[in-house]
Amino acid sequence: MRDPNQEKNYLKDYTVPDYLIHNVALNFTLDEECTVVSSRLTLSRNPASKALINSLTLAGENLKLLSVNLDDGTDLSKEQYLQTQDSLIINNVPQQQAFVLCIENTINPKANTALEGLYLSNDMLCTQCEAEGFRKITYFLDRPDVMSLFTTTITGDKNRYPVLLSNGNKIAQGELPDNRHWVTWEDPFNKPCYLFALVAGQLECIADRFTTQSGREIDLQIFVEKHDMDKCDHAMQSLKNSMIWDEQVYGREYDLDLYMIVAVSHFNMGAMENKGLNVFNTKFVLARPDTATDSDYEHIEGVIGHEYFHNWTGNRITCRDWFQLSLKEGFTVFRDQEFTGDRTSKAVKRIEDVNMLRTRQFAEDAGPLAHPIRPDSYMEINNFYTLTVYEKGAEVVRMIHTLVGAEGFRKGSNLYFERHDGQAVTCDDFVNAMESANNIDLGQFRRWYAQAGTPVLTAHQHYDSTAQTLTLTLSQNCPATPGQTHKEPLHIPVTLGLLHKDGSVAQCKLQDNAAKEAQNQVILQLTQSEQVFVFENLAEQPVVSILRGFSAPVKLEMERSLEELAFLLSYDSDTFNRWEAGQQLAGQVIAGLIADVQNDQKMQLNPIIVTAFKQVLEHAWDDLSYFALLLSLPSENYLAEQMPVVDVNAIHAAREFLVQNLAEQLQPQFQALYENNHRDESGQFDSGAIGRRRIKNTCLSYLSKLENKDIQQLSQLQFNSAKNMTDQLAALTVIVNNPHPASQQCLADFYHQWRTEALVIDKWFALQAASNMPDTFATVQSLMNHPAFDLKNPNRVRSLIGAFSQANPLHFHAKNGQGYQFLADQIIALNTLNPQVASRMVSALTSWRRHDISRQTLMKAQLERIISTEDISKDVYEVASKSLNYEA
Ligand code: 7ML
Ligand code: ZN
């Protein structure tokens with residue numbers, strides 16, 4: 001059994017490294033089962049370290065040690081060092097001057113199914129070192145505040161490994177006997193070892209160039225397997241777009257002469273920002289109009305941007321320790337969000353981000369694994385690459401942006417880059433730079449970094465017609481989270497506007513405000529538990545539009561009539577709040593229907609929602625993607641978030657009832673809209689074409705609820721004739737999620753058509769796993785035995801097991817517990833193969849307290865079964881045990 005206390009790391013225990021590594025010369029002799037790694041390190045005692053020691057402890061896991069050598073003397077004898085499970089301790093090393101340590105060891109990439117360190121993907125060798133993967137390659141000071149200059153030589157067979165890549169610039173290469181060759185790479189920038197990368201294999205490359213704003217020429221290269229050469233254009237264009245954007249918006253230029261991206265099929269995460277050599281999951285590189293959807297195209301550009309932006313926010317300036325992960329991730333996510341917003345539609349991007357935050361991060365923040373964006377302890381750091389660190393982290397950066405404005409933010413980021421270039425720093429250093437550059441006090445704001453949980457923001461309004469004032473009382477309250485029972489009030493920026501009864505803008509004039517001028521919109525600074533704001537000169541009662549643009553990651557509670565929400569849906573000039581009004585309107589209507597279901601009453605639809613949708617449908621919209629979002633109902637997962645006790649069946653029944661009714665009552669509008677926007681296009685990725693597809697497919701999904709022969713034919717026709725994946729997949733989705741005579745045939749045809757495109761086959765698995773049809777569980781079970789399913793491929797696991805457990809609440813939460821048992825079986829199998837992926841799959845069980853007693857018992861039983869597995873990994877153990885032990 002594991003002892004969680006012994007294996008915990010604490011932020012408060014941080015000490016500087018006892019030694020520094022200045023130079024690293026690595027030598028790899030490649031072999032699938034026995035790669036030889038020799039490393040030559042130049043070290044010295046860190047003058048800042050106070051520890052009274054003369055030994056050196058290096059981290060290392062799953063390594064076969066061959067030799068240790070100090071200062072080029074004779075190899076150390078077994079008495080001069082100590083090897084443990086996860087370290088190498090060298091007893092006496094020089095304290096007064098620099099010294100050279102040479103280590104030789106071997107590793108087995110083929111046996112590495114955890115995909116951390118050096119591993120095999122198809123026939124390619126590649127690495128993943130963040131967060132602590134470098135210690136699976138060789139013994140090292142594997143911590144981000146040890147930064148070194150790396151030189152890497154790779155030797156291998158010319159046929160198996162014609163391409164040999166590492167970070168930086170290629171400085172030498174040569175031929176060897178026995179059909180072998182070698183290449184040496186040198187990275188001129190100091191970096192922590194988590195940014196190290198090596199890739200070797202039969203890769204093809206597409207190349208391009210970019211000229212920076214200062215006139216430097218950069219070579220851009222994307223490496224893929226041969227059959228994917230025709231799917232790289234979009235990634236290359238995205239890279240160039242990212243480079244221009246970072247120059248224009250942050251004044252940041254690329255710093256090496258070469259930028260390489262490699263796409264690999266087996267990857268635990270999305271991608272990795274290794275210096276000069278990004279490694280990507282194929283999912284975020286490969287796209288062709290017939291294989292990738294519009295949203296795939298958008299995500300590829302976003303992830304390419306994300307990794308590119310890390311070159312400044314992450315690589316040039318890195319994290320002091322892993323508790324500071326949000327320093328680079330929160331900031332970089334904020335940067336990629338803004339990039340995508342600028343490239344596509346700001347309104348749509350913001351809504352998509354908030355949707356994800358509210359369904360997934362809010363759930364995390366309300367459950368047993370809640371943690372601040374800067375956690376203060378962890379067992380396994382891989383478990384802290386969370387929605388909280390990334391998405392809430394980005395919201396916290398966004399709030400600073402809101403507080404200081406775009407110009408102030410640029411001044412702050414400039415100062416941050418100026419002060420800390422080449423350093424490993426903390427979240428506090430970032431906030432300090434924003435403070436100094438803008439001459440403001442973010443003292444209270446810093447609590448966002450330390451406090452977990454989603455604050456509830458309550459708003460009450462009172463209009464005084466005699467005084468012509470509107471009094472707004474705002475209060476905040478944050479529920480307890482594990483280890484944090486008492487919460488201090490946060491500094492919350494609340495963006496607000498007022499509307500006249502005719503929909504026009506009412507001026508906001510705050511009483512007792514030094515800036516006396518009235519404004520179209522104000523940012524209220526909520527810093528206390530409760531605060532009162534008085535607006536004056538209001539001859540009639542205005543309608544309040546609060547938390548515009550979702551200005552803070554909070555749950556807003558404000559009593560609103562359905563009429564008021566319908567009004568905001570028609571008139572709010574803030575695109576986020578306009579959409580939000582529609583979501584709340586639908587949410588309230590669905591809540592009423594859920595109550596009907598739970599009380600065994602016939603569902604009664606409030607006609608106000610039909611009228612509101614009719615108005616939306618009849619408006620002339622420029623941004624068709626935004627239009628489509630206005631017509632989209634809150635997801636089942638979001639609705640579950642709102643309920644005190646989740647009732648998956650009632651949620652599904654109520655939501656389906658609403659969809660069905662809207663389809664019936666607005667059929668002519670949906671049909672006309674479908675026809676007006678349906679084109680058979682291929683390769684059109686302008687916002688017009690994307691918007692047309694999005695609105696058209698939204699209409700198709702409503703119409704498909706009518707179980708009408710003509711509509712069934714319509715979707716089948718769209719499926720058969722589609723020239724792009726967006727349309728083909730949208731058609732297949734409605735065919736599979738509704739009774740349709742050809743659904744089995746279409747699934748078989750789709751598989752046959754795309755059997756050689758792994759990323760499309762992932763979609764085929766995911767679509768069936770997320771289906772709401774009654775036979776889904778049996779389908780999922782049989783798909784586990786499909787020849788194309790592979791538990792060793794994380795994308796496949798996420799497509800089948802992930803989609804079923806996270807995107808199919810109805811079937812995953814089947815009353816008899818079969819979904820839970822199935823998931824636990826897979827987690828136990830994955831635990832030995834790939835602990836990181838296994839641990840991510842546990843998340844579907846962690847919310848057990850949110851369900852009825854009978855499901856709670858079933859879910860808990862599976863968590864207990866998981867925990868008592870022999871050889872439970874740290875990853876799975878931490879998540880499962882925290883889920884069970886937390887007292888609500
Ligand atoms: C977030 C990443 C990881 C984990 C990528 C791995 C990364 C760590 C890596 C946003 C967009 C794309 C990928 C990710 C993501 C979880 C999510 N440093 O760059 O953050
Ligand atoms: Zn990142």
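Every number for a ligand or one of its atoms is a count from 1 in the order of the listing. It should be emphasised that the depicted structure is a prediction, and the values quoted were computed from it without experimental measurement. Computation of the quantities below employed the complete heavy-atom set of this structure, encompassing side-chain atoms and omitting hydrogens, waters and symmetry-equivalent molecules.
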Glu329, N/O/S atom nearest the Zn ion (ligand 2):
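Of the nitrogen, oxygen and sulfur atoms in Glu329, the Zn ion (ligand 2) lies nearest to OE1.
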Mind checking whether Phe280 and Phe267 have ring centres under 6.0 Å apart?
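No, the ring of Phe280 stays outside the 6.0 Å limit from the ring of Phe267, centre to centre.
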- request: In sequence, state the C-alpha distance, the side-chain angles, and the governing distance for Trp312 and Phe417, and then conclude on ring pair (Phe, Tyr, Trp, His ring centres under 6.0 Å).
  value: CA-CA 8 Å; Trp312 276 97; Phe417 294 127; 5.6 Å; yes
(Q) Considering only residues two or more places apart or on different chains, which pairs with a residue in residues 797-806 satisfy side-chain hydrogen bond (donor to acceptor under 3.5 Å, both in side chains)? (A)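 Pairs touching residues 797-806 that pass the test: Asn795-Arg798.
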Students should find this: residues with any non-hydrogen atom under 4.0 Å from ligand 1. What is the answer?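 Close residues (ligand 1, cut-off 4.0 Å): Glu130, Met269, Ala271, Met272, Glu273, Val303, His306, Glu307, His310, Lys328, Glu329, Tyr385, Tyr390.
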Is it the case that Arg796 places NZ or CZ above or below the six-membered ring of Phe765, under 6.0 angstrom from the centre and within 45 degrees of the axis?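 No, a cation-pi geometry is absent between Arg796 and Phe765.
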Using the ring-ring contact (aromatic ring centres under 6.0 Å, His included) definition, which of the options Tyr449, Tyr416, Phe334, Phe445 pairs with Phe430?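 The ring-ring contact (aromatic ring centres under 6.0 Å, His included) with Phe430 is passed solely by Tyr416 among Tyr449, Tyr416, Phe334, Phe445.
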With salt bridge (charged side-chain N to carboxylate O under 4.0 Å, His left out) as the criterion, how do Arg288 and Asp233 come out once you've worked through the C-alpha distance, each side chain's angles and the decisive distance to 0.1 Å?
CA-CA 8 Å; Arg288 209 173 58 192; Asp233 294 350; over 6 Å; no
